[in-house]
Colleague: 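Mind looking over this structure? Questions follow.
Both counts, for ligands and for their atoms, begin at 1 and track the order of listing.
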Amino acid sequence: MDRIEGLFDKAKIIGDRVLQQIREGKNILIVGHLDADGITSTSIMAKAILRKGGRFIAKITNSLRLKTLQDLKECDYDFYIFCELGAGIAMQMREMLGDRWINIDHHQIGEDEKKLDNVINSWQFDIDGSKEVSAAGMSYIIASKMDEKNIDLSWLAVVGALGDRQDQGEGRSMLGLNKIVVKDAIESGYLKVTRDLMLYGRETKPLHEAIASTIVPFISGLTGNRDACLAALTSAGIKLKEGARWRTIAELSEEEKKNVVETIIPYIASKPTATDEVKELIGDVYILEMEDEYTPLRDCREFATLLNACGRMRRGGVGISICLRDRDLALKEGEKVLAEYRSTLSRYVQTIMSDDSRLVEGRWSFMIIGDGLVDENLLGSLSSILSDIKKFEGKAFFVRTTTEDGEISFSARLTQGCNPNLNLGVIMEEAKKFDGVGGGHDVAAGSRVPSQRLNEFLEAIEDRLRQVNEDKGQNID
Ligand code: C5P
């Protein structure tokens, strides 16, 4: 059977199960992961249930562990829907919850989990969940089988996929099933996709701030340097203000955009990778036409950033309300949360960069100790920011912090100039040997271990790094 057809058939079966719960008046709990994909995935299911008159509570959380599962079971809901959570513990879900659950996900799972009727995961159909479909896309497919009117929720799945950086096609286009989702969102009149300048904050930020906030491509001399951006744009004669208001990228004419690109190119042109990086300046921009101009909701990538901030700042409910189209209180609250998220991260960076006792430099690694400072939910975001700093180039980069339940959480990133044979996902998986959990991709990964096993785990990380660096070979599984 065709891969997509197989997935659609299963989505129909799962959708029917949800409809049956609604008809029987069951109390449903939807639990979603705290990032933008988890929040949109949860919101799509919530809206589909609402439209059929169903009863549900939605909850956003950072991870699903056995203890959390036990707590949820004790809340005694009739039916549980897990969105982008629970890969690896589906067998325990079956043990604890019997048949009263479904798990919607796009993360890799083992063969035993793939066989479960209650699991709907892209990998069951050989669909690559890292770039062809997100959890929000999976929820959307189920919702569209529950009622074809739910095609108008497709824009949420576009936000989810972009939050998970699934725009991995040529010119930041979408691939596989995501393409179908994008097409549905365009046809339902919500989404417009155009090739445009890929500067961050194109709808909301003043021009110089948009350039300064752009990390991909990294524009040496301009990224992170608002004053230099302002000076460069001013000397190029680009009109920066409309009266007292700063102009945004979105309102520039084609001629002005060309001028902006020509202003940026000299900063990139000296690098050997210049041609690729100039190409990265132009790509697909995903615009929600029903949203107001100058809000962070018009550009799907900015929308995803807002949701991610809500989830990580423990305000997932605000994110869900925004997805359900509350444009009043929830949006105001969401904008406040986004500002707090940014200022918290910038406080972490400043504290860490001015306190040498928080940095341990090993032969092949940098380790930042975030204990007592860094919230575990912000660890991944912080790690991505810090690992771009020049000082940390050339070695594997780790940030760790203590968690609420007394464990140690790690986030790992490959830096510029680092040994390309390193696979951080494999290194973080070592945590499993020390009663922990861990995994991820070669360039970005994470783990958690009990605090009493910390030293053993640190030694295991060093050992792995030594093996790869001295042998100059691959990681050994
Ligand atoms: O949290 P962070 O952004 O550092 O996570 C990087 C990657 O590692 C993500 O893809 C995440 O799903 C994965 N990860 C994992 N197991 C963990 C923590 C993170 O697979 N315990």
Colleague: Over 60° means perpendicular and under 30° means parallel, so classify the ring planes of F410 and F457, tilted if in between.
Modeller: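 F457 and F410: perpendicular rings.
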Colleague: With nothing but distance in play, are any N or O atoms of S411 less than 3.5 Å from an N or O of ligand 1?
Modeller: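 N/O-N/O distance under 3.5 Å: yes.
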Colleague: Which residue and non-hydrogen atom of the protein lie closest to atom 11 (C) of ligand 1, and at what distance in Å?
Modeller: G440 CA, 4.9 Å
Colleague: Specify the protein heavy atom at minimum distance from atom 14 (N) of ligand 1: its residue, its atom name, and the distance to 0.1 Å.
Modeller: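 The answer is G439 O, 3.5 Å.
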Colleague: What residue and atom, counting heavy atoms only, is the protein's closest point to atom 17 (C) of ligand 1, and at what distance?
Modeller: G446 O, 3.4 Å
Colleague: Taking atom types as modelled, is there a side-chain donor on T223 or Y267 under 3.5 Å from an acceptor on the other?
Modeller: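 Short answer, no.
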Colleague: What atoms of ligand 1 come closer than 4.0 angstrom to any heavy atom of R413?
Modeller: 2 (P), 3 (O), 4 (O), 6 (C)
Colleague: Are N103 and N121 linked by a side-chain donor-acceptor pair shorter than 3.5 Å?
Modeller: no
Colleague: How are the rings of Y80 and F82 set to each other: parallel, tilted or perpendicular (split at 30° and 60°)?
Modeller: parallel
Colleague: For a side chain to side chain contact (heavy atoms under 4.5 Å, CB included) with R172, tell me which candidate from R165, R301, R195 qualifies.
Modeller: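 Answer to the side chain to side chain contact (heavy atoms under 4.5 Å, CB included) test with R172 among R165, R301, R195: R301.
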Colleague: Are the side chains of M353 and K391 in contact, using a 4.5 Å heavy-atom criterion?
Modeller: yes
Colleague: Any atom of ligand 1 sitting under 4.0 Å from a heavy atom of A445?
Modeller: yes
Colleague: Determine the interplanar angle of the F392 and F397 rings, folded into 0 to 90°, and report it as parallel if under 30°, tilted if 30 to 60°, perpendicular if over 60°.
Modeller: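 Plane angle between 30° and 60°, so tilted.
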Colleague: Starting from atom 12 (O) of ligand 1, locate the nearest protein heavy atom and write down its residue, its atom name and how far away it is, to 0.1 Å.
Modeller: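 The protein heavy atom lying closest is H107 NE2, 4.4 Å.
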Colleague: Verify, without hydrogens or angle tests, whether E132 (side chain) and D128 (backbone) share a donor-acceptor contact under 3.5 angstrom.
Modeller: yes
Colleague: Distance to 0.1 Å, residue and atom name: give those for the protein heavy atom nearest to atom 7 (C) of ligand 1.
Modeller: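 Result for atom 7 (C) of ligand 1: A444 O, 3.6 Å.
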Colleague: Please verify whether a non-hydrogen atom of M428 lies at under 4.0 Å from ligand 1.
Modeller: no
Colleague: Looking at atom 9 (C) of ligand 1, tell me if a protein heavy atom falls under 4.0 Å from it.
Modeller: no
Colleague: Among all protein heavy atoms, pick out the one at the shortest distance from atom 1 (O) of ligand 1; state its residue, atom name and that distance to 0.1 Å.
Modeller: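 Here the nearest protein heavy atom works out to G380 CA, 4.0 Å.
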Colleague: Before signing off on this row, confirm whether H441 and ligand 1 have an N or O atom pair separated by under 3.5 Å.
Modeller: yes
